[in-house]
Amino acid sequence: MVIAPRSVAPVTPNDIRLFTLLASVPPGRVVTYGQLADFIGAPRRARWVGQLLRQLPKDSSLPWHRVINAQGKISLPILEGGREQAERLRAEGVLVSADGRVSLRLYRWMP
DNA sequence: ACATTGACGCCCA
DNA sequence: GTGGGCGCCAATG
């Protein structure tokens, strides 16, 4: 499995845990930033998860597009990849509304 | 060193 | 449903 390294800063054990967990999210399912943080034992650190995903290399093999916010919406700005995220999700059969909303009830993945 | 900025989330009004 | 306040914290200016 290819773990996308942080471009500059050192990769911490928590980084590895997060990437490993994210890599296990199956196609057609989504998880929230908060979920990822909680499951690796870093509650209330959803923001840190987003910050980590933000610096993933563009060619990362990690399913970054399966991460949405607790509101069930795509957080990534349209011009910064939000469009691509919606496309990737739809390609996996996930229904994404025009405003980037996804049904957590239908697609949320639980480890 | 200090201030601001986010791929966030929970709580409350 | 919406909006404000706070916690969180690495990156950035």
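Scope of the values below: all heavy atoms of this structure, side chains included, with no hydrogens, waters or symmetry mates. Naming convention: chains lettered A, B, ... in sequence-line order (proteins, then strands); numbering from 1 in each chain.
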Discussion item. Taking B/dA1 as the reference, what is the distance to C/dC8 when you measure between their P atoms (whole Å, please)?
Written reply: 22 Å
Worksheet item: Heavy-atom distance under 4.5 Å between the side chains of A/Asp15 and A/Trp48, does that happen here?
Response: yes
Worksheet item: Taking only N and O in the side chain of A/Arg45, is any of them less than 4.0 Å away from OP1 or OP2 of C/dC9?
Response: yes
Could you pull out all donor-acceptor pairs under 3.5 Å where a side-chain atom in residues 104-111 of chain A meets a protein atom, sequence neighbours excluded?
from: A/Tyr107; atom 1: OH; to: A/Leu95; atom 2: N; distance (Å): 3.1
from: A/Arg108; atom 1: NH1; to: A/Gln35; atom 2: OE1; distance (Å): 2.9

Item to complete: Name every residue in residues 86-108 of chain A that has at least one heavy atom under 4.0 Å from any atom of DNA chain B, in order of residue number, or write none if there are no such residues.
Response: none
Worksheet item: If we only count heavy atoms from C-beta on, is the A/Leu21 to A/Val31 side-chain gap below 4.5 Å?
Response: no
Worksheet entry | Spacing of A/Leu36 atom CG relative to C/dC9 atom C1', expressed in whole Å | 17 Å
Response to the item:
Residues pairing under salt bridge (Lys or Arg N to Asp or Glu O under 4.0 Å) where one sits in residues 35-46 of chain A, two or more places apart or in two chains, turn out to be none
Worksheet item: Residues two or more places apart in sequence or in another chain: which of them pass side-chain contact (heavy atoms from CB on, under 4.5 Å) with A/Asp99?
Response: A/Ser97, A/Arg101
Worksheet entry | Any residue meeting side-chain contact (heavy atoms from CB on, under 4.5 Å) with A/Arg47, in chain and number order, not counting sequence neighbours | none
Worksheet item: For every nucleotide of nucleotides 7-13 of chain B, 5' to 3': is a protein heavy atom under 4.0 Å from its base (B), only from its sugar-phosphate (S), or from neither (-)?
Response: BBSS---
Discussion item. Quick check: closest heavy atoms across A/Ala37 and A/Ala46, and the distance to 0.1 Å?
Written reply: CB-N, 3.9 Å
Practice prompt. Measure the shortest side-chain to side-chain distance between A/Arg17 and A/Phe39 over non-hydrogen atoms and say whether it is less than 4.5 angstrom.
Written response: no
